[in-house]
Asks: 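I am attaching a structure below and will ask some questions about it afterwards.
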Amino acid sequence: MSASSEWHQTLQWHFTIASRISATMLFTNQTSPCQQVISQLFPGMDLWMKRDDMLHPQVSGNKFRKLKYPLQALQGQTAHVVSMGGIWSNHIHALAHAAKILGLPATALIRGAEGMHSAMLDDVRALGMQLQFVNREAYRELRDDDSAWRKHVGPGAADALWLPEGGSAPLALRGVAELIPELPFIPDYLLVACGTGATLAGLLAGLAGRCKVIGIAAISKGDYLRTEISRLLMQAGYPDYQNYELLTEYHHGGYGKTSPALTPFCHEFQRETGIALEPVYTGKMMFALRELWHDGYLAKNARVIAVHTGGLQGARGFAPM
């Protein structure tokens, strides 16, 4: 079996066991392991990985943590949940599963045109999520105006819960912050991939000034995320922690894009460690970490924890090599 086939089979396992998870288990004292990583890709590094990809097989990783408190507040209600994302959005995929388990109606505003297809869209339709496609201009408005979503869903969802792109509401930080007490130790460096900045902000909230957090932007032109991180911390009631660095040069062409070096790296990492990566977020983070280690950016005696933020379903958007 090729490395690529093994990689995709491992990913498929994560997509097929959600039906075994009952509603009573969702968001109830769920934790993930932190395992030591031994790999020739990181020679001599004291490296650990926080396996948030194992929190839940479908409400995956950081999406689980970001959805926890906004959705917990709705349990026992029939409130409509509305959010936004692309055709391979990890957030929309996780939200559809969570809404199905909790019995909540949900609508996703999808960037694209009617007739666009992806396995993620097939999944969420099967789960009962309603989809509405919006063009780029309308999607940009949804990002800029917290009330713009209302014109797309109509009066029937007047009292709906709106979750911004990636689920990156201020309340999401509380769930992400709970990752920190689960760690076996506070490392010298904590690494995380960044799309909207909310996960990094939540980690800063949980650390309360301890250690150095390194965020790897998975998008091009990601410098604006610094402003988003400060805004989210302030809106969630936390200090504007600055014990982090955002690195923006490891995006491999931009969001949802890869490079000739990245995908083979993800395959090799899985072959050595048994840990599946996807090339959208966590693969880029680990690729960057290897570069930082070999370039001497990190202290040689440093203890490092990399956060696996899940989202393995997104790897289906890339053809096997």
Asks: Is there a donor-acceptor pair closer than 3.5 Å between any side-chain N or O of Q30 and the backbone N or O of L55?
Replies: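 Checked: pair present.
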Asks: Would you say M116 and L127 are hydrophobically clustered, going by side-chain heavy atoms of ILVMFWY under 4.5 Å?
Replies: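 Shared cluster, no.
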Asks: Verify whether one side chain among S230 and D240 offers a donor that lies under 3.5 Å from an acceptor in the other.
Replies: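 Result is yes, a qualifying pair exists.
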Asks: Should we say atom NZ of K300 is surrounded by more than 12 heavy atoms from elsewhere, each under 6.0 Å from it?
Replies: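 It does: K300 NZ has more than 12 such atoms within range.
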Asks: Any link between L247 and M285 through a network of hydrophobic side chains (Ile, Leu, Val, Met, Phe, Trp, Tyr) touching at under 4.5 Å?
Replies: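 Yes, one cluster joins them.
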Asks: As an exercise, state the distance from SG of C266 to CG of L277, rounded to the nearest 0.5 Å.
Replies: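 The CG atom of L277 is 5.0 Å from SG of C266, to the nearest 0.5 Å.
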Asks: Hey, does the side chain of H308 reach the backbone of A276 with a donor-acceptor pair shorter than 3.5 angstrom?
Replies: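 Pair found, side chain donor or acceptor close to backbone of A276.
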Asks: Could you see if L233 belongs to whatever hydrophobic cluster contains L171? Use Ile, Leu, Val, Met, Phe, Trp, Tyr and a side-chain cutoff under 4.5 Å.
Replies: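 Not linked; separate clusters.
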Asks: Among residues at least two apart in sequence or on other chains, which ones pass side chain to side chain donor-acceptor pair (under 3.5 Å) with S220?
Replies: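 For S220, no residue satisfies side chain to side chain donor-acceptor pair (under 3.5 Å) once neighbours in sequence are set aside.
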Asks: Please report the interatomic distance CD(Q35) to CE(M54), rounded to the nearest 0.5 Å.
Replies: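 Taking CD in Q35 and CE in M54, the distance rounds to 7.5 Å.
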Asks: Taking atom CD1 of I229 and atom CG of L173, what is their separation to the nearest 0.5 Å?
Replies: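 CG of L173 is found 10.0 Å from CD1 of I229.
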Asks: Please say yes or no: joined through hydrophobic side-chain contacts below 4.5 Å, possibly via intermediate residues, are I87 and L131 part of one cluster?
Replies: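 Per the 4.5 Å side-chain linkage, I87 and L131 are co-clustered.
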Asks: Thinking salt bridges, do R271 and E268 make one under a 4.0 Å N-O criterion?
Replies: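 A salt bridge links R271 with E268.
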Asks: Which pairs would a plain distance check flag for residues 174-195, meaning a side-chain donor or acceptor within less than 3.5 Å of a matching protein atom at least two apart in sequence or in another chain?
Replies:
unit_1: E178; atom_1: OE1; unit_2: K68; atom_2: NZ; d: 2.9
unit_1: E178; atom_1: OE2; unit_2: Y69; atom_2: OH; d: 2.2
unit_1: E182; atom_1: OE1; unit_2: S32; atom_2: N; d: 3.4
unit_1: E182; atom_1: OE1; unit_2: K50; atom_2: NZ; d: 2.6
unit_1: E182; atom_1: OE1; unit_2: R65; atom_2: NH2; d: 2.9
unit_1: E182; atom_1: OE2; unit_2: R65; atom_2: NH1; d: 3.3
unit_1: E182; atom_1: OE2; unit_2: R65; atom_2: NH2; d: 3.4
unit_1: D188; atom_1: OD2; unit_2: R303; atom_2: N; d: 2.7

Asks: For D295 and Y297, indicate whether the former's side chain and the latter's backbone hold a donor-acceptor pair under 3.5 Å.
Replies: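 The answer is no, because no donor-acceptor pair under 3.5 Å joins these two groups.
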Asks: Tell me whether K257 at atom NZ has more than 12 heavy atoms from other residues, nucleotides or ligands lying less than 6.0 Å away.
Replies: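 Open.
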Asks: For the residue pair E165 / Y139, report whether a side-chain donor-acceptor contact shorter than 3.5 Å exists.
Replies: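 Their side chains do contain a donor-acceptor pair, which is all the 3.5 Å distance test asks for.
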Asks: Looking at A217, is its backbone amide N or carbonyl O close enough to the side chain of T248 to form a donor-acceptor pair, meaning the two atoms are under 3.5 Å apart?
Replies: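 No; judged by distance alone, with no hydrogens or angles, the pair does not exist.
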Asks: What I want to check is whether the side chains of T199 and N62 have a donor and an acceptor closer together than 3.5 Å.
Replies: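 N62 and T199 do have a side-chain donor-acceptor pair below 3.5 Å.
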Asks: Should side-chain heavy atoms under 4.5 Å link Ile, Leu, Val, Met, Phe, Trp and Tyr, which residues sit in the same cluster as M234?
Replies: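 Reading the cluster by chain and number, M234 sits alone, since nothing else belongs.
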Asks: With a 3.5 Å distance limit and no angle check, can you tell me whether K66 reaches the backbone of S168 through a side-chain donor-acceptor pair?
Replies: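 Side chain of K66 to backbone of S168: no pair is present.
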Asks: Roughly how far, to the nearest 0.5 Å, is CE of M45 from CG of N301?
Replies: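 Reported to 0.5 Å precision, the distance equals 12.0 Å.
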Asks: What do the steps show when you test V304 against D46 for side chain to side chain contact (heavy atoms under 4.5 Å, CB included), and what is the final call?
Replies: CA-CA 6 Å; V304 179; D46 187 359; over 6 Å; no
Asks: Would you find a donor on one side and an acceptor on the other, under 3.5 Å apart, between the side chain of Q132 and the backbone of H152?
Replies: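 Yes, because the side chain of Q132 sits within donor-acceptor range (under 3.5 Å) of the backbone of H152.
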Asks: Between D53 and T309, is any pair of side-chain heavy atoms under 4.5 Å apart?
Replies: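 Side-chain contact under 4.5 Å: no.
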Asks: Between Y244 and K212, is there a side-chain heavy-atom distance shorter than 4.5 Å?
Replies: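 No, their side chains stay 4.5 Å or more apart.
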Asks: For residues 100-108, which side-chain N or O atoms pair as donor and acceptor with protein atoms under 3.5 Å away, sequence neighbours left out?
Replies:
unit_1: T107; atom_1: OG1; unit_2: H80; atom_2: NE2; d: 2.7

Asks: Between W149 and L109, is the side chain to side chain contact (heavy atoms under 4.5 Å, CB included) condition met? List the steps.
Replies: CA-CA 8 Å; W149 61 274; L109 306 179; 4.1 Å; yes
Asks: Is the backbone N or O of H251 less than 3.5 Å from a side-chain atom of K284, with the two atoms forming a donor-acceptor pair by type?
Replies: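 Yes, the answer is positive, given that a donor and an acceptor are paired below the 3.5 Å cut-off.
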Asks: Are S39 and T273 close enough that a side-chain donor and a side-chain acceptor fall under 3.5 Å?
Replies: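 Not at all, the side chains of S39 and T273 share no donor-acceptor pair under 3.5 Å.
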Asks: Taking atom OH of Y241 and atom CG of L203, what is their separation to the nearest 0.5 Å?
Replies: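 Here the rounded value is 12.5 Å.
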Asks: Holding to ring-ring contact (aromatic ring centres under 6.0 Å, His included), I want the full list of residues that pass it with F287, two or more places apart in sequence or in another chain.
Replies: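 Partners of F287 under the ring-ring contact (aromatic ring centres under 6.0 Å, His included) test: H252, F265.
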Asks: Is a side-chain N or O of N243 found less than 3.5 angstrom from the main chain of R210, in a donor-acceptor match?
Replies: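 Confirmed, N243 side chain pairs with R210 backbone.
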Asks: Can you list everything that forms a ring-ring contact (aromatic ring centres under 6.0 Å, His included) with W293? Sequence neighbours excluded, please.
Replies: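 Not a single residue meets the ring-ring contact (aromatic ring centres under 6.0 Å, His included) criterion with W293.
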Asks: To the nearest 0.5 Å, what is the distance between CG on L41 and CG on L47?
Replies: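 If we round to the nearest 0.5 Å, L41:CG and L47:CG are 10.0 Å apart.
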Asks: Using a distance-only test with no angle check, is there a side-chain donor-acceptor pair under 3.5 angstrom linking W88 and N90?
Replies: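 Note: W88 and N90 side chains miss the donor-acceptor criterion.
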Asks: Run the numbers on D123 and M129 for side chain to side chain contact (heavy atoms under 4.5 Å, CB included), then give the verdict.
Replies: CA-CA 9 Å; D123 287 349; M129 176 176 269; over 6 Å; no
Asks: State, with a plain yes or no, whether a side-chain heavy atom of L289 is found less than 4.5 Å away from one of L298.
Replies: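 Answer yes - side chains close enough.
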Asks: Using side-chain heavy atoms (C-beta onward) and a distance below 4.5 Å, is I275 in contact with F269?
Replies: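 Yes, their side chains come closer than 4.5 Å.
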Asks: Using atom types as modelled and distance alone, determine if a side-chain donor or acceptor of E141 lies under 3.5 Å from a backbone N or O of D144.
Replies: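 Side chain of E141 to backbone of D144: no pair is present.
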Asks: I'd like to know if the side chain of R226 and the backbone of L246 have a donor-acceptor N/O pair within less than 3.5 Å.
Replies: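 Yes; at least one donor-acceptor contact below 3.5 Å.
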Asks: So, for S60 and G311, which heavy atoms are closest and what is the spacing to 0.1 Å?
Replies: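 Here S60 and G311 meet closest at OG-N, 3.0 Å.
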Asks: Go through the steps for D122 and H117 under the test side chain to side chain contact (heavy atoms under 4.5 Å, CB included), then give the verdict.
Replies: CA-CA 8 Å; D122 290 343; H117 172 78; 2.7 Å; yes
